Amino acid sequence: MRSSPGTHVWLLVIALTSVVIALASDGLQHYLLHRNSSNLHQLSHHPLRALLGSAFWIENPSSLVLYALLFEVFHAPVERWIGTQRWLFTVATAHIAATLISQNVVLEAIQDHDVPRSMAHVVDIGVSYGLAASAGILTYRLPRPWRWFYVAGAVAFFAVPLCTSHSYTDLGHAISLAIGLACRPLTRHKPVAAEPPFVAH
């Protein structure tokens, strides 16, 4: 945990907000999820809160164990590898860019009358954009030829839903993966990690 503090602080906050959601009444749940959503309505009125707050809530608290596992598989190794600052830059850039681009697609769809205006108020929260970015940059941690199998699987995992459902969330995932893949320069000249203390057995 000390080698990936950002990952575990983030996970702790998500655990706390998940407990709040699990214990809250239906009305309070609705209020909290919509207030911290990064949908068009919240972005237009409270952009900073929407972009930041949406990264610390998940809609279904029962998924917390799954997210904890995914954080350990993707976020923690990337943070240990390239350092907290570069990892945070990667996931924050992906979260913000994917949110803004996907919500702009929703706005255009509303203006073209392709989707109802209620789409401006849908709940849009979660940590999946950041996870997709970490999955992308983790590609460069793997040796060849396994790297190519991994990246092919990651692209397929996010591209198939995008091509079949065409949802704005799937678009956000694809954008985040692309940002993670584009962050290869951050994997070079990585900070040297401190050697663990010697423990005699």
Side-chain angles (χ1 to χ4, degrees), residues 1-18 38 47-48 50-58 63-102 124-162 169-199:
M1 292 178 64
R2 286 181 297 179
S3 62
S4 51
T7 295
H8 293 95
V9 169
W10 191 4
L11 188 57
L12 175 61
V13 175
I14 294 169
L16 294 175
T17 57
S18 295
S38 55
L48 293 180
L51 288 172
L52 181 62
S54 60
F56 293 98
W57 297 79
I58 56 176
S63 301
L64 180 60
V65 174
L66 173 60
Y67 281 114
L69 176 62
L70 292 174
F71 269 51
E72 296 299 336
V73 171
F74 295 106
H75 283 317
V78 171
E79 185 180 4
R80 283 194 293 267
W81 176 37
I82 65 176
T84 299
Q85 291 183 347
R86 297 182 184 190
W87 163 79
L88 183 59
F89 174 83
T90 301
V91 297
T93 299
H95 177 76
I96 293 171
T99 297
L100 294 178
I101 294 172
S102 61
D124 183 23
I125 58 172
V127 299
S128 57
Y129 291 165
L131 280 167
S134 281
I137 198 171
L138 192 60
T139 298
Y140 308 111
R141 183 62 169 164
L142 302 177
R144 299 181 181 89
W146 305 112
R147 175 183 300 181
W148 310 122
F149 291 107
Y150 172 85
V151 73
V155 170
F157 182 83
F158 292 110
V160 170
L162 177 62
T169 302
D170 293 327
L171 174 61
H173 289 150
I175 293 169
S176 297
L177 178 66
I179 290 173
L181 291 170
C183 284
R184 184 176 186 178
L186 297 182
T187 67
R188 299 165 184 161
H189 309 294
K190 65 182 181 66
V192 178
E195 291 293 331
F198 175 78
V199 178

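Treat the numbers as computed from the prediction; the structure is a model and nothing was measured. Position 1 is the first residue of the sequence, and the numbers go up from there.
- Looking at every heavy atom in both residues, R86 comes nearest to R188 through NH1-O, 2.8 Å.
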Inset, instruction - Evaluate the criterion side-chain contact (heavy atoms from CB on, under 4.5 Å) for residue pair I14 and W57; output intermediate values, then yes/no. - result: CA-CA 6 Å; I14 294 169; W57 297 79; over 6 Å; no
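- With hydrogens and angles ignored, the 3.5 Å screen pairs a side-chain donor or acceptor of T187 with a backbone N or O of R184.
- Using modelled atom types and a 3.5 Å distance limit, the side chains of H95 and S54 yield a donor-acceptor pair.
- Rounded to the nearest 0.5 Å, atoms CZ (F71) and OG (S134) are 8.5 Å apart.
- Using a 4.5 Å heavy-atom cutoff, the side chains of L142 and W148 are not in contact.
- With contacts defined as side-chain heavy-atom distances shorter than 4.5 Å, the pair W87/L186 does not qualify.
- Aromatic ring pairs are classed by plane angle as parallel below 30°, tilted from 30° to 60° and perpendicular above 60°; the pair W10 and H75 is tilted.
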Inset, instruction - Apply side-chain contact (heavy atoms from CB on, under 4.5 Å) to I125 and S38, showing your working. - result: CA-CA 6 Å; I125 58 172; S38 55; 6.0 Å; no
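- The line from OG of S128 to CG of L70 is 10.0 Å long, rounded to the nearest 0.5 Å.
- Between the side chain of S4 and the backbone N or O of E79, no donor-acceptor pair lies under 3.5 Å.
- Checked against side chain to side chain donor-acceptor pair (under 3.5 Å), S102 has no partners two or more places apart in sequence or in another chain.
- Between Y67 and I58, the closest side-chain pair of non-hydrogen atoms falls below 4.5 Å.
- Atoms CG and CG, on L69 and L64 in that order, are 11.5 Å from each other to the nearest 0.5 Å.
- W146 contributes atom CH2, which lies 15.5 Å from atom OG1 of T139 (distance to the nearest 0.5 angstrom).
- Taking the six-membered ring where the residue is Trp, H173 and Y129 present perpendicular rings, their angle passing 60° and hence far from 30°.
- More than 12 heavy atoms of other residues, nucleotides or ligands shown are found within 6.0 angstrom of CZ on F56.
- In this structure, V78 and T90 have side chains that are not in contact, with every pair of non-hydrogen atoms separated by 4.5 Å or more.
- Minimum heavy-atom separation, V91 to G130: CG1-O, 3.6 Å.
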Inset, instruction - Determine, stepwise, if the pair L100 / L51 fulfils side-chain contact (heavy atoms from CB on, under 4.5 Å). - result: CA-CA 9 Å; L100 294 178; L51 288 172; 4.3 Å; yes
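- L177 is not listed as a side-chain neighbour of F157, based on a closest heavy-atom distance of 4.5 Å or more.
- At most 12 non-hydrogen atoms from other residues, nucleotides or ligands lie less than 6.0 angstrom from CD of Q85.
- Note that the CG atom of L171 and the OG atom of S176 stand 9.0 Å from one another [nearest 0.5 Å].
- Separation of atoms OG1 (T169) and CG (L162) is listed at 11.0 Å; rounding is to 0.5 Å.
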